There are 2 protein chains.
Amino acid sequence: MSRIEHSDPTPQDDAARAGWLYYVGGMTQDQIAAELGISRQRAQRLVAKAMADGLIHVRLNHRIGACLDLESALRDRFGLGRCRVSPSLGGADPVLSIAPAAAAELERVLRLPEPLTIALGTGRALRGMVDAVAPLDAAHHRLVSLIGNIAPDGSASFFDVIMRVSDKVRAPHYPMLVPVISPTSAERDAFRALGPVKRVADLARSADVVFVGVGQMSDDAPLLADGFVTRAELDQMRAAGAAGEVAGWVFDSDGQYLDVGTNTRTGGVRVEQKLDRPAIGIAAGASKVPAICAALKSRIINGLITDEVTARTILAL
Amino acid sequence: MSRIEHSDPTPQDDAARAGWLYYVGGMTQDQIAAELGISRQRAQRLVAKAMADGLIHVRLNHRIGACLDLESALRDRFGLGRCRVSPSLGGADPVLSIAPAAAAELERVLRLPEPLTIALGTGRALRGMVDAVAPLDAAHHRLVSLIGNIAPDGSASFFDVIMRVSDKVRAPHYPMLVPVISPTSAERDAFRALGPVKRVADLARSADVVFVGVGQMSDDAPLLADGFVTRAELDQMRAAGAAGEVAGWVFDSDGQYLDVGTNTRTGGVRVEQKLDRPAIGIAAGASKVPAICAALKSRIINGLITDEVTARTILAL
DNA sequence: CCATCAAGCGATGATTTGCTCATTCGCTGA
DNA sequence: TCAGCGAATGAGCAAATCATCGCTTGATGG
């Protein structure tokens with residue numbers, strides 16, 4: 001026996017086992033407690049931990065008719081390639097509802113056999129997506145960041161999305177080591193002139209697939225909440241017609257990029273309009289609707305993963 | 001609005017939506033009832049239906065250390081290619097515990113880009129596997145049955161495994177339209193001489209991957225339970241050393257096929273020993289251990305998906 | 001060596017869920 | 001038209017689950 005038992009079970013092992021028995025085996029927590037020789041409370045905690053640690057993945061294997069209808073309506077209206085509509089989750093954060101669908105789409109791309117360069121933006125939706133991705137081996141692809149990873153406070157937390165996903169799927173990753181938005185155009189240009197930055201930017205521009213979130217420019221703008229722009233800058237860009245933002249680059253309600261405000265100092269790579277490769281927007285929520293519409297209109301994105309109510313609102317316009 | 005609402009929600013749509021809100025959204029049944037404007041009991045029934053219909057798939061995203069250890073031990077001992085060990089589910093049917101792992105392996109194969117011929121056996125374990133596969137598009141592969149699909153009572157229920165999986169993944173399928181076991185060798189040979197049967201058999205023999213269950217020859221033998229062999233035939237073959245069976249073909253404890261009993265009348269294609277392509281056995285349960293060991297020993301199978309206690313028992317021998 | 005503190009544990013009460021049963025609804029055939 | 005019948009519904013209840021609380025235990029630092 002000791003020949004086989006190479007290692008003591010880690011806490012995660014225990015949690016995984018309890019979660020397995022509970023969710024797959026359909027056992028009650030009492031039964032699990034008896035099986036593993038622990039108290040029910042402990043069993044309960046292990047099951048909860050398994051869920052909290054993301055050890056248990058739940059997916060819906062049925063396309064709800066209403067969502068399929070919305071997908072084809074969106075596809076027709078905006079000439080989309082990929083389009084996915086998830087059922088909404090009542091009042092909960094819409095990010096939660098689109099994360100599994102977004103993860104499934106990313107996994108689909110990662111499983112393609114030919115080596116691809118996959119460009120990723122950042123934001124809550126993308127973060128939700130990578131948290132929902134199942135570990136798999138995609139070492140033949142390259143993951144490249146579209147956006148700088150240095151926040152105004154100097155932290156590199158926005159690095160997270162690409163780092164986490166590359167960790168999960170064992171793919172090499174190329175973060176863009178520049179400020180998301182530099183204090184001055186000159187400083188931005190100085191960063192851009194650096195060899196390594198240039199190479200990552202070229203890689204990002206040549207990406208075979210692009211995944212981005214879409215930011216709104218209303219008072220709850222992610223750029224503002226995360227401290228990338230000041231309220232004055234936000235107001236200035238709104239006065240100039242700003243309706244939304246992709247990878248930090250602000251555009252108007254027709255999806256045309258502006259030449260004012262932070263757009264003169266944004267460090268990352270801009271997702272060009274009418275890209276001939278998939279550029280998939282991952283976004284949901286009432287306040288994002290104008291931004292999503294604008295991005296779709298000028299084909300900054302040519303694919304969309306959203307939720308039911310957002311899809312309905314977009315189509316109602 | 002009516003422009004969008006093309007179709008009324010089906011009962012499955014409702015179940016899927018309730019299951020989504022419950023499992024993905026983490027809402028209580030009361031909340032779901034309020035959200036959908038139905039009674040709590042109805043919400044409860046929809047959630048249960050979603051689970052029963054297999055609309056909700058749960059997978060464990062963590063390899064438990066003990067199982068990994070067993071996998072490498074099995075790989076070393078029997079020189080296996082693919083090997084997967086799932087945690088056991090207490091007293092429950094071991095088929096339930098291996099079905100997700102088996103499904104994941106089949107999905108991996110189905111997602112390979114080059115067109116493959118995939119041969120499938122039948123049995124409870126295979127049936128569990130196909131029930132757990134997620135729908136995906138694998139139209140470039142061919143699914144071929146190793147085993148006849150006509151049961152002694154004339155029903156074609158054994159057709160189920162390959163039909164269901166081909167339905168789920170939209171792959172063309174080639175059932176073998178012969179009795180599993182014919183009453184006489186002559187009749188078996190007559191079937192074999194038929195052109196269509198010959199072509200399916202040739203296809204099966206040339207398969208790039210093989211998935212089979214492993215049957216025991218003890219009193220709970222699947223062949224006996226399903227009425228393919230009589231007790232007298234079972235006893236006769238046991239007297240001749242029968243230890244197990246793959247795709248209806250009986251072998252002894254060294255994994256050598258016998259020349260007696262029903263083996264002279266079995267209709268399907270025999271999985272040859274030491275195949276140079278993957279031949280993956282999907283089997284778990286204490287009573288199957290001798291059969292699995294025998295099949296591994298002579299390399300009728302060169303891959304194994306089983307559960308923890310079965311793996312331990314195999315290695316203890 | 002002892003005081004302090006944090007982490008984990010088991011118990012308890014509140015909430016949520018699964019199940020049974022009587023009833024109703026809708027359909028079919030006389 | 002209406003009786004018969006099966007499926008679906010909702011009420012009620014027992015079981016299961018979850019959240020909170022005080023306690024133990026073991027580590028840390030004075």
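Order of the sequence lines fixes the chain letters, A, B, ..., with proteins taken first and strands second; residue numbering starts at 1 for each chain. Small disclaimer: the values here were computed from a predicted structure and weren't measured.
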Distance check needed: [N] [atom2] versus [X] [atom1], whole Å only.
X: R42(A); N: dA11(C); atom1: CZ; atom2: C1'; value: 16 Å
X: M27(A); N: dT17(C); atom1: CE; atom2: C1'; value: 19 Å
X: Q29(A); N: dT16(C); atom1: CD; atom2: C1'; value: 12 Å
X: R40(B); N: dG18(C); atom1: CZ; atom2: C1'; value: 8 Å
X: I32(A); N: dA15(D); atom1: CD1; atom2: P; value: 19 Å
X: I38(B); N: dT9(D); atom1: CD1; atom2: C1'; value: 12 Å
X: L46(A); N: dG8(C); atom1: CG; atom2: C1'; value: 12 Å
X: D14(B); N: dT9(D); atom1: CG; atom2: C1'; value: 15 Å

### Task
Select from Q41(A) and R45(B) the residue whose nearest nucleotide in DNA chain D is closer to the 5' end of that strand.
R45(B)
Below 4.0 angstrom from OP1 or OP2 of [N], is there any side-chain N or O of [X]?
X: S39(B); N: dG10(D); result: yes
X: Q44(A); N: dC18(D); result: yes
X: Y22(A); N: dT17(D); result: yes

### Query
Roughly how far, to the nearest 0.5 Å, is CG of L126(B) from CE of M129(B)?
5.0 Å
#### Entry: Exceeds 12 heavy-atom contacts within 6.0 angstrom, atom CZ of R108(A)
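Counting neighbours around CZ of R108(A), more than 12 heavy atoms of other residues, nucleotides or ligands fall under 6.0 Å, so yes.
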### Message
Using modelled atom types and a 3.5 Å cut-off, is there a donor and acceptor pairing between side-chain atoms of Q31(A) and backbone atoms of T28(A)?
### Response
yes
## Note on the structure
Picking from dT16(C), dG18(C), dA16(D), the nucleotide nearest the side-chain atoms of T28(A) would be dA16(D)
### Message
Tell me the closest heavy-atom pair linking G128(A) and A99(A), and the distance in Å.
### Response
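Minimum heavy-atom separation between G128(A) and A99(A): O-CB, 3.5 Å.
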